[in-house]
Number of protein chains: 2
Amino acid sequence: MERDWSCDIPEKRLIWAHITSEAIKVIEGKWKIIIICQLFAAKSPLRSSELERRVEGVNQKMLIQQLKQLEADGIISRTLYPEVPPRVEYELTQLGKALGPSMAALIDWALLRRETLSL
Amino acid sequence: MERDWSCDIPEKRLIWAHITSEAIKVIEGKWKIIIICQLFAAKSPLRSSELERRVEGVNQKMLIQQLKQLEADGIISRTLYPEVPPRVEYELTQLGKALGPSMAALIDWALLRRETLSL
DNA sequence: CCGCATCCTAAGAGATACTG
DNA sequence: CAGTATCTCTTAGGATGCGG
């Protein structure tokens, strides 16, 4: 299916609506964007403990939960190094990195919104 | 504040993370994207009853609730015509229309995701 | 160091009936 | 026609303690 957001066909718009909802479902969740941004910023894999430190305010259970969901949704990958003590590293997949433009567009919009509503 | 998503400064990335989370909070909600897309597609104001018909599966309470939130967040505007029976029309604000590029980017990503994960 | 299990609370979603 | 008010049910979020 080829994207044509500007098209005039109402039926097609509805399909985009559902596809977009689907995309949003994957990245919504209290800590997901923060996690994704931290991985973008790090430019390298991060360990659980490191993420827990960098994602301010998150507790371990929530962090793991969100990481598992992100992994299930194909956005990050998890690598276990069988050492003692265990080491686990998370990093963005190609698909995760491909979120860049969407994030940028959302930031642009959020900034416009702040301006518009004088926040 | 100027956006620089590609910057290497971790601290700045975190600010983007929170701004993006903020943006997503505004458009998440089970029916919001559908509503927004319907208003984009209509290219003109829509009445409550018309929206209720077009947003398939929504019930009246949820529709009104989501519309109120979208209005409070500056995305749509509500116009009451003091007739009998009452008529109310909703349409996208400038800020709402400015969501276009973000929606487009998310659709692109969702399509890439479908392809990547063979959905 | 990582992750799981348990238990709890708050918020989201929805069905239904009612009012101006 | 448009919107409220209740009353449920489900899901998300969070605190804490245990185990490999």
Side-chain angles (χ1 to χ4, degrees), chain A residues 17-18 20-39 42 44-73 75-91, chain B residues 17-18 20-36 38-39 42 44-73 75-92:
Chain A
H18 285 98
T20 312
S21 300
E22 197 180 285
I24 290 177
K25 248 190 238 149
V26 169
I27 56 175
E28 76 185 5
K30 192 161 178 185
W31 306 99
K32 289 187 185 171
I33 293 292
I34 315 280
I35 292 170
I36 291 168
C37 283
Q38 283 290 5
L39 289 173
S44 64
L46 290 179
R47 306 182 56 162
S48 300
S49 50
E50 187 56 30
L51 273 170
E52 197 173 344
R53 218 168 310 122
R54 297 193 188 197
V55 179
E56 210 173 336
V58 76
N59 63 38
Q60 200 184 32
K61 184 209 146 191
M62 284 309 300
L63 179 65
I64 302 288
Q65 182 192 96
Q66 305 270 300
L67 287 171
K68 290 188 81 160
Q69 289 175 13
L70 287 172
E71 190 192 1
D73 287 325
I75 292 173
I76 64 174
S77 65
R78 176 184 184 273
T79 310
L80 166 66
Y81 297 91
E83 311 168 349
V84 181
R87 180 162 60 99
V88 175
E89 288 188 344
Y90 294 91
E91 66 184 321
Chain B
H18 285 97
T20 312
S21 300
E22 196 179 287
I24 289 178
K25 247 188 243 152
V26 170
I27 56 175
E28 77 186 4
K30 193 159 177 189
W31 305 100
K32 290 187 186 172
I33 293 293
I34 314 282
I35 293 169
I36 291 167
Q38 283 290 5
L39 290 174
S44 63
L46 289 179
R47 306 180 57 160
S48 300
S49 50
E50 188 56 29
L51 273 170
E52 198 173 342
R53 219 168 309 125
R54 296 193 187 197
V55 179
E56 211 173 335
V58 76
N59 63 40
Q60 200 184 33
K61 183 205 146 193
M62 285 307 299
L63 178 64
I64 302 287
Q65 183 192 96
Q66 305 270 298
L67 286 171
K68 289 187 83 158
Q69 288 176 14
L70 287 173
E71 190 192 0
D73 287 326
I75 292 174
I76 64 174
S77 65
R78 175 184 184 275
T79 311
L80 165 66
Y81 297 90
E83 310 167 353
V84 180
R87 181 161 60 101
V88 175
E89 288 187 343
Y90 294 92
E91 66 184 321
L92 292 173

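Below, chains carry the letters A, B, ... as their sequence lines are ordered, and counting in each starts from 1. Side-chain atoms are counted along with the backbone in the values below, which use heavy atoms only and exclude waters and symmetry mates.
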Legend entry - DNA chain D base-pair string [pairs: Watson-Crick or G-U under 3.5 Å; |: paired with another strand]: ||||||||||||||||||||
Write down the distance between [atom1] ([X]) and [atom2] ([N]), rounded to a whole number of angstrom.
X       : N      : atom1 : atom2 : result
A:Glu89 : C:dC1  : CD    : C1'   : 13 Å
B:Leu51 : D:dA2  : CG    : P     : 9 Å
B:Lys25 : D:dA12 : NZ    : P     : 17 Å
A:Leu46 : C:dC1  : CG    : P     : 15 Å
A:Gln69 : D:dT11 : CD    : P     : 13 Å

Legend entry - More than 12 heavy atoms of other groups within 6.0 Å of B:Glu83 CD: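 Correct, the count exceeds 12.
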Inset, instruction - Ignoring hydrogens and angles, tell me if any N or O in the side chain of B:Glu71 forms a donor-acceptor pair with the backbone of B:Ile76 under 3.5 Å. - result: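 No, because the side chain of B:Glu71 does not come within donor-acceptor range (under 3.5 Å) of the backbone of B:Ile76.
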Inset, instruction - Look only at the side chain of B:Asn59 and the backbone of B:Lys61, and say whether a donor-acceptor pair between them is shorter than 3.5 Å. - result: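 Checking the backbone N and O of B:Lys61 against the side chain of B:Asn59, a donor-acceptor pair under 3.5 Å is found.
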Legend entry - side-chain contact (heavy atoms from CB on, under 4.5 Å) partners for B:Glu50, two or more places apart: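 Counting only residues at least two positions away or on another chain, B:Glu50 forms a side-chain contact (heavy atoms from CB on, under 4.5 Å) with B:Leu46, B:Arg47, B:Arg53, B:Arg54.
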Legend entry - Nucleic acid footprint by protein, nucleotides 4-20 of chain C - heavy-atom cut-off 4.0 Å, B for base, S for sugar-phosphate alone: BBB------SBB----B
Legend entry - A:Tyr90 side chain near C:dC2 phosphate (N/O to OP1/OP2, under 4.0 Å):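 Negative; the distance criterion is not met.
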Inset, instruction - Look at A:Arg47 and C:dC2 and indicate whether a side-chain polar atom (N or O) is within less than 4.0 Å of OP1 or OP2. - result: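 Yes.
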Inset, instruction - Report which part of the nucleic acid A:Tyr81 touches: base, sugar-phosphate, or nothing (heavy-atom distance under 4.0 Å, all strands). - result: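 Here A:Tyr81 touches no strand at all.
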Inset, instruction - Quickly, which of B:Leu92, B:Leu70, B:Ile75 forms a side-chain contact (heavy atoms from CB on, under 4.5 Å) with B:Ile35? Name it, please. - result: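 For B:Ile35, the side-chain contact (heavy atoms from CB on, under 4.5 Å) check succeeds only for B:Leu70.
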Inset, instruction - Report yes if some heavy atom in the side chain of B:His18 is under 4.5 Å from a heavy atom in the side chain of A:Ile34; otherwise report no. - result: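 With C-beta onward as the side chain, the pair touches.
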Legend entry - Any side-chain heavy-atom pair of B:Ile64 and B:Lys68 under 4.5 Å: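 Counting from C-beta outward, B:Ile64 and B:Lys68 do come under 4.5 Å.
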Legend entry - Which nucleotide in D:dA2, C:dG3, D:dG3 has an atom nearest any side-chain atom of B:Arg78: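 Among the listed nucleotides, the one closest to the side chain of B:Arg78 is D:dG3.
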Legend entry - Spacing of A:Leu51 atom CG and A:Leu67 atom CG [to the nearest 0.5 Å]: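 CG of A:Leu67 is found 6.0 Å from CG of A:Leu51.
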Legend entry - For B:Tyr90 against B:Leu39, the heavy-atom pair lying closest together: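 Between these two residues, the closest heavy atoms are O-CD2, 3.6 Å.
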